[in-house]
Amino acid sequence: MLVHVADVLDANELAHCRQRLAHAGWKDGKSTAGYQSAQVKHNGQLAEDDALAIELGELILAALARNTTFFAAALPRTIYPPLFNRYSGGEHFGLHVDNAIRYDRRQQPALPIRTDLSATLFFADPEEYEGGELVIEDSYGTHSVKLPAGDLVLYPGSSLHKVTPVVRGARIASFFWLQSLVRSDEQRRQLFELDVAIQALTARVPGAPELVSLTGIYHNLLRAWADV
Ligand code: NI
């Protein structure tokens, strides 16, 4: 399941991030890639211990914490500290799969995080660059994603994906992984659809008696499927 989460950042946060990232110290992105993906990765990235990456990463985590769509779709258990990348001048990232486990080395001892979901948060608007599509192959087919600045896409960590060459302008984004409370993409999708239906029914028929039953079913499924 791919989920587009709109307006993760408000206008002030977006302007702040864009202004700070315009002067960031970009390094070769191969440093965080696994063996296979390093062969096909051509971009710039902020070091994980870069002070700006840490500061803006915390801003993003705070924005995610207040976003109910993100929470409902991801059911996050542990979020890897957000990273930042930049593609320009033909840079691209060939087809690859993300490492299954990432280690958050800011924790002592390092905390293993299973990458159930991958996320990309866009800082540049689509018209600011040419190319740079995030192309995702999952069990539902191939999807090409290029979102407005401030928006985020969530996609299964198990998918093959690539970023096509950026031939004009610059594509700046944050990316991160998360371990979900619900490991199965299929179960998480069903919970999300049930949640969305309950929210819609709540808005259309406030106080409908069926809402109690449906909400109970949601929580009983979550209790059955979650690992905490
Ligand atoms: Ni990747």
Side-chain angles (χ1 to χ4, degrees), residues 1-5 8 21 24 26-50 53 56-57 60-61 64 70 73-74 76-106 110-124 126 129 131-147 149 151-167 170-180 183-185 188:
M1 175 177 67
L2 261 65
V3 180
H4 173 181
V5 187
V8 167
L21 288 166
W26 302 102
K27 304 272 193 297
D28 188 340
K30 291 188 196 303
S31 56
T32 56
Y35 178 77
Q36 187 272 330
S37 55
Q39 320 295 311
V40 292
K41 187 175 185 183
H42 307 276
N43 67 1
Q45 197 166 302
L46 294 188
E48 300 202 16
D49 59 357
D50 184 296
L56 298 186
I60 291 168
L61 292 176
L64 292 173
F70 172 79
R77 182 181 190 282
T78 315
I79 302 176
Y80 192 87
L83 299 172
F84 297 83
N85 62 17
R86 181 179 188 278
Y87 295 80
S88 64
E91 288 177 323
H92 62 281
F93 196 166
L95 198 65
H96 67 281
V97 67
D98 294 341
N99 286 0
I101 308 288
R102 308 289 310 199
Y103 290 87
D104 178 1
R105 301 189 193 285
R106 292 183 202 168
L111 177 70
I113 298 174
R114 192 182 62 227
T115 56
D116 296 324
L117 286 164
S118 298
T120 297
L121 171 62
F122 291 79
F123 290 113
Y129 57 98
E133 284 86 5
L134 173 62
V135 179
I136 301 164
E137 295 178 8
D138 70 2
S139 51
Y140 295 94
T142 301
H143 317 270
S144 185
V145 180
K146 193 169 178 177
L147 299 181
D151 288 14
L152 174 144
V153 62
L154 265 178
Y155 59 100
S158 56
S159 64
L160 288 171
H161 53 275
K162 65 180 177 182
V163 176
T164 64
V166 174
V167 295
R171 175 196 192 272
I172 298 178
S174 174
F175 63 103
F176 54 91
W177 303 272
L178 64 90
Q179 181 167 330
S180 177
R183 180 181 197 147
S184 156
D185 195 52
R188 203 182 318 106

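This structure is a prediction, so every number in the text was calculated from the model and none was measured. Numbering starts at 1 and runs along the sequence shown. In each ligand, atom 1 is the first atom listed, and ligand 1 is the first ligand listed.
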- [ ] Measure distances from the Ni ion (ligand 1) and count the protein N, O or S atoms below 2.8 Å.
- [x] 3
Open item on the list: Quick one about Ser118 and Asp98 (side-chain donor to acceptor, distance below 3.5 Å, no hydrogens or angles considered), yes or no?
Closed with: yes
Open item on the list: If you compare all heavy atoms of Ser180 against all heavy atoms of Asp116, which two are closest, and at what distance to 0.1 Å?
Closed with: N-OD2, 2.8 Å
Open item on the list: Classify the ring geometry of Trp177 against Tyr80: parallel below 30°, tilted from 30° to 60°, perpendicular beyond 60°.
Closed with: perpendicular
TODO: Check for a donor-acceptor pair, side chain of Lys30 on one end and backbone N or O of Ala38 on the other, with a separation under 3.5 Å.
DONE: yes
Open item on the list: Determine whether a donor-acceptor pair (N or O, by modelled atom type, separation under 3.5 Å) exists between the side chain of Asp185 and the backbone of Met1.
Closed with: yes
Open item on the list: If you count heavy atoms of other groups shown closer than 6.0 angstrom to CZ of Arg183, is the number above 12?
Closed with: no
